[in-house]
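Note that this is a predicted model, so its numbers are computed, not measured. Both backbone and side-chain heavy atoms feed into the values below; hydrogens, waters and symmetry mates do not.
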Amino acid sequence: YGRQLVDILQEFPIRASLEEIVPLLKRIQPRLYSIASSPKVQPGRIDLTVSAVRYARFRDSKKIRKGVASTFLADRASEVDVPIFVQPSKHFHVPEQGDTPLIMVGPGTGVAPFRGFLQERQARGDAGKNWLFFGEQHAATDFYYQEELLQFQKDGVLHELSLAFSRDQAQKIYVQDRMRERGQELWNWLEAGAYFCVCGDASRMAKDVDQALRELAVELGAAGAGLLGQLPAGEPQDHQLLHRLSLPLSVGVVPGAFVDRGDQQVQPAAGRVGVDQQRLGEQAQGDRQQRPQRADDKGPEHQGQERQRH
């Protein structure tokens, strides 16, 4: 598990020229990262939150494999121009109405777009309340944007900050556990019209958050409990429960961003910056409709990965 072509060639060497091998390889895919800032606060600049992926090449191996794009950005990108492109997501954004409450669930680097959301809401002077659920492994080393988030609290921008550091106690605690602990308050926010946005690991975390919402709907919301019985079986996981509740909510499970295109500032909406590793030193224009909707920079086994913010 986790082996790639280079591992096979090392174990079973063959005689072949570079010209023979290269055509057999797939083109390196772009990596997509959430934009972690608002153009109202930083005109002409964007911030990213990147976890530098480093993991044992495969089980019982002492050799380390590195994430192609993340470690390039962390270790080698300071002296070169990196081609990028913007991929927007139209259904994941701050509420247009400034008085609408906003609930954000963003563990790990999933906090990235919500830093931008909070910057945007503060810059606009929005009166709506904001609640962030954030989690990682250890508070001492993994509390991303700690000073900024605590300052948002002091400034009255971030009204609730629920933290879940999974390895700081014997029993692991995750963001979905914090949601259950404050289920009644969370449901009250939803009934008051709060937007609900999720960013992070779609394969596990988003499913767990979705399940926690379903449980709250059954326990606390009569309307939600009634609708749960009407949901078709086998519906794709990324079509989240709250899309179908009779509440004015917006649910997102993909990263969001703020985009500034030249002198035209786009409505704050979802989007990601893609780093085109294949085209370093070239113009990143190409055939964009061929680019994938998602790209994952994490390897199959990345326990103990080194985390860096940029």
Side-chain angles (χ1 to χ4, degrees), residues 29-49 84-106 109-124 126 128 130-133 190 193-203 205-207 209-210 213 235-276 284-297:
Q29 298 299 308
R31 268 55 173 177
L32 303 178
Y33 299 102
S34 301
I35 298 175
S37 54
S38 164
K40 287 185 172 61
V41 176
Q42 297 181 165
R45 165 181 161 169
I46 61 171
D47 290 346
L48 303 180
T49 307
I84 64 173
F85 62 92
V86 174
Q87 176 172 298
S89 245
K90 297 180 180 179
H91 305 293
F92 187 80
H93 52 79
V94 293
E96 293 182 4
Q97 300 298 323
D99 58 352
T100 301
L102 175 62
I103 301 169
M104 301 160 284
V105 181
T109 55
V111 73
F114 302 133
R115 176 180 182 251
F117 280 23
L118 291 168
Q119 287 182 356
E120 179 78 7
R121 301 205 83 183
Q122 183 177 44
R124 295 192 327 193
D126 290 357
N130 300 292
W131 188 346
L132 174 64
F133 289 85
L190 297 179
Y195 274 46
F196 190 99
C197 298
V198 185
C199 179
D201 181 5
S203 65
M205 181 276 298
K207 295 179 181 179
V209 168
D210 182 63
L213 286 174
E235 187 163 339
Q237 186 67 39
D238 60 346
H239 292 170
Q240 298 294 313
L241 162 69
L242 292 182
H243 276 306
R244 300 179 293 276
L245 288 182
S246 55
L247 296 172
L249 309 179
S250 175
V251 176
V253 290
V254 296
F258 298 91
V259 183
D260 193 5
R261 298 174 184 167
D263 58 357
Q264 177 185 6
Q265 183 168 296
V266 179
Q267 172 68 23
R272 289 171 284 186
V273 162
V275 177
D276 197 339
Q285 295 177 347
D287 187 3
R288 292 190 181 178
Q289 64 265 31
Q290 297 299 320
R291 289 184 171 129
Q293 291 297 311
R294 294 176 180 275
D296 189 358
D297 194 38

(request) List the atom of Lys40, the atom of Ala123, and the distance in Å for their closest heavy-atom pair. (result) CB-CB, 3.9 Å

(message) When you compare the side chain of Phe196 with that of Leu213, does any pair of heavy atoms fall below 4.5 Å?
(response) yes

(request) Starting at CE of Met104, measure out to CH2 of Trp131 and round the result to the nearest 0.5 Å. (result) 11.0 Å

(message) So, taking the atom named OG1 in Thr49 and the one named CD1 in Ile35, what distance separates them when rounded to the nearest 0.5 Å?
(response) 11.0 Å

(message) How close do Gln119 and Ser37 get, counting heavy atoms only, and between which atoms?
(response) OE1-CA, 3.4 Å

(message) Looking at every non-hydrogen atom in both residues, tell me the closest pair between Pro95 and Arg124 and how far apart they are.
(response) O-NH2, 2.8 Å

(message) Quick check for you: to the nearest 0.5 Å, what is the distance between Ile103 atom CD1 and Leu132 atom CG?
(response) 11.0 Å

(message) To the closest 0.5 Å, what do you measure between OH (Tyr195) and CD (Glu96)?
(response) 6.0 Å

(request) Go through the steps to decide whether Val41 and Gln122 satisfy the test side-chain contact (heavy atoms from CB on, under 4.5 Å), and finish with yes or no. (result) CA-CA 9 Å; Val41 176; Gln122 183 177 44; over 6 Å; no

(request) Just say parallel, tilted or perpendicular for the rings of Phe114 and Phe117, cut-offs at 30° and 60°. (result) perpendicular

(request) Without swapping roles, check the side chain of Ser34 against the backbone of Pro113 for a donor-acceptor pair under 3.5 Å. (result) no

(message) Quick check for you: to the nearest 0.5 Å, what is the distance between Leu102 atom CG and Glu120 atom CD?
(response) 11.5 Å

(request) Check Thr100 against Arg121 and note the closest heavy-atom contact, atom names and distance. (result) O-NH2, 2.7 Å

